[in-house]
Amino acid sequence: MPDAATQPAPQAQPGSQLATPRPAAAKRLAWLDALRGIAALCVVFDHLTYSVLQPVRNTVYQWFDPGQYGVFVFFLVSGYIVPASLERKGSIRSFWVSRVFRLYPLYLFAVGAMIVLWASGIGSLSGMNSDAVTSSFADVFMLQSVLWAPTVPNVVWSLAYEMVFYLMLTALFLGGVHRRSSRYALTFGVAAVVLGGILKPGTLSYSLLSPGIVVAITDGLILTGLVLALAGRGRARIAGAALAAATGLLVVAFNSGYAASWESFTIFALMFSGTVLYRAENGEYPWRWALPVVIVVFGVVLGAALWHVSPEAQSFVAIRKGFNSLEAAGLTFAVAMLCRNRKVPRPLAWLGLVSYSVYLLHPVLIEIYASVPWTHNENFVPTELLMTAIFLLVLLVCCGLTYRFIEAPMQRMGRRVARRLDVRFGEDIPPQPAAASDNLLLP
């Protein structure tokens, strides 16, 4: 996932002399990088073991789904660090500029690589029978997985949830209610239980309207909302941000096809749980409230995982491994937080740094790997371990190159663009009301 693990500067407290947070005070959080690196490798294991180490895969997946686990960890990390990034900048415009330059360049590179492989006769592209225009417009805001459009590469389904989370954060920040994270985490957790078995995938695209109409309406409303949020003034900004966020959330809730309804709500519950922990760590929210809230949220979503059956879960084994994956993700994040002040091994921190490249590019290399005929033969486990090690080495070398020549330069360009926009149009720091308490006992 594409989150920059940076430590926010101290936040101003009521009555303090601390000024607006200073971007220069940020530093990387190595423990979050480590989590992202581990999560990325788990997702690689999930996809690679369709082609290699299948006996190992069959054993592991009786109890645990590494891919699902990795994605849950990614979402917890996003929930922790993305709100910190927005609040540290204090600027909606700078936040969205940074997101665009962080997400899209490597995404377009990965899509281009998949197209080149397909044109060369290596691998395939999903959804080749779908309408090209509709699919292209579904990609504009990376919402293809909830608009029933092809996901290329296949892992980009999760970016739809990231994007909707950004939209919600924008609306909450402009409305001055972004610090009530515990309420949002609990609300989405309850929704996972209550609505998880009611809402049906594809309701908008296939039961009420058509895929093309849903894509057009979604893009139009989100674009209108973002323009108002970025260029409007006063209440128009809040209304625009709320329009974009509501549109994204409705599409996820009523139209998601890749993840079941309970899983979609669980994802947002996990993100806001990560935000609760960030606020506690930052001194905005007492730990004696934060920990019980997060524990309750995890208890609720674990209950949803046991109660509701996802589209792919047709047996007790599938339900068990989903439950274990969610539980393990929470425990992993908890252990990482407890060890957050310890030194993280540099290779693991570096792996987190290139984790977005690992996430997006490994499907490309898997297509190349699967195109080699002898890789389809059954080999001894030591041989397959060697093949896996070579694959990972090639992957990490490629990711190091894409980070150096695509990700890092584009991020620097994003910062320059944001500064130039500030010079041209003035700083975009909306006035915020007095900090609202996240204590559930207070309004």
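The structure presented is a predicted model; accordingly, all values stated were derived computationally and were not measured.
Taking every heavy atom of both residues into account, A260 and E263 meet most closely at N-OE1, 2.7 Å. A pairwise comparison of heavy atoms in S256 and S264 identifies OG-OG, 3.6 Å as the closest pair. Here the closest heavy-atom approach between residue L361 and residue C399 is recorded as CD1-SG, 4.4 Å. Across every non-hydrogen atom of L147 and V214, the tightest pair is CD2-CG1, 3.8 Å. Annotation for W262 and A192: closest pair CB-O, 3.5 Å, computed over non-hydrogen atoms. Among all heavy-atom pairs drawn from A269 and V301, the shortest one is CB-CG1, 4.0 Å.
Atom CD1 in I38 sits 11.0 Å away from atom OG in S355 (nearest 0.5 Å). Going from atom CG of L302 over to atom CG of L326 covers 4.5 Å, rounded to the nearest 0.5 Å. A distance of 5.0 Å separates CZ in F298 from CG in L270, rounded to the nearest 0.5 Å. Here I81 contributes atom CD1 and L32 contributes atom CG; the two are 5.5 Å apart, rounded to the nearest 0.5 Å. Note that CH2 of W31 is 4.5 Å distant from OH of Y80, once rounded to the nearest 0.5 Å. In this structure, CE on M142 lies 5.5 Å from CG on L159, to the nearest 0.5 angstrom.
The environment of CZ in F137 is sparse: at most 12 heavy-atom neighbours from other residues, nucleotides or ligands sit within 6.0 Å. When the shell of 6.0 Å around CZ of F391 is examined, it contains more than 12 heavy atoms from other residues, nucleotides or ligands. Around atom CZ of F109, no more than 12 heavy atoms belonging to other residues, nucleotides or ligands sit under 6.0 Å away. By the neighbour-count criterion of 12 heavy atoms within 6.0 Å, atom CH2 of W287 is densely surrounded, having more than that number from other residues, nucleotides or ligands.
No side-chain donor-acceptor contact under 3.5 Å links S145 and Y161. The closest side-chain donor-acceptor pair between R57 and Y50 falls under 3.5 angstrom. Judged by distance alone, the side chains of T275 and Y184 never bring a donor and an acceptor atom under 3.5 Å apart.
Remark: the backbone N or O of V215 is not paired with any side-chain donor or acceptor of T218 at under 3.5 angstrom. Between the side chain of D65 and the backbone N or O of S325, no donor-acceptor pair lies under 3.5 Å. A donor-acceptor pair is defined here as one N or O able to donate and one able to accept, closer than 3.5 Å; no such pair exists between the side chain of S135 and the backbone of A149. No donor-acceptor pair closer than 3.5 Å links the side chain of S357 to the backbone N or O of T402. Not one N or O on the side chain of D46 forms a donor-acceptor pair closer than 3.5 Å with the backbone of P66. A distance-only check finds no donor-acceptor pair linking the side chain of D428 to the backbone of L230 [under 3.5 Å].
Using a 4.5 Å cut-off on side-chain heavy atoms (C-beta onward), L103 and M163 make contact. In this structure the side chain of M387 reaches within 4.5 angstrom of the side chain of Y369, judged on heavy atoms. At least one side-chain heavy atom of L396 sits less than 4.5 Å from a side-chain heavy atom of L351. The closest side-chain heavy-atom distance from H47 to N154 is below 4.5 Å. R102 has its side chain within reach of Q411: a pair of non-hydrogen atoms, C-beta onward, lies under 4.5 Å apart. With a 4.5 Å cut-off on side-chain heavy atoms, R183 and V177 do not count as touching. V111 is not listed as a side-chain neighbour of M114, based on a closest heavy-atom distance of 4.5 Å or more. Side-chain contact between F75 and M271: present, with at least one pair of heavy atoms (C-beta onward) separated by less than 4.5 Å.
Taking the six-membered ring for Trp and thresholds of 30 and 60 degrees, F188 and F268 have ring planes inclined between 30 and 60 degrees apart. Note on ring orientation: taking the six-membered ring where Trp is involved, the planes of Y206 and W148 are perpendicular (angle over 60°, cut-offs 30° and 60°).
A ring-centre distance under 6.0 Å is found for F74 and Y359. For F165 and F272, the distance between ring centers is under 6.0 angstrom.
Each of L365, V364, L41 was checked for a side-chain contact (heavy atoms from CB on, under 4.5 Å) with L395, and the lone residue meeting it is L365.
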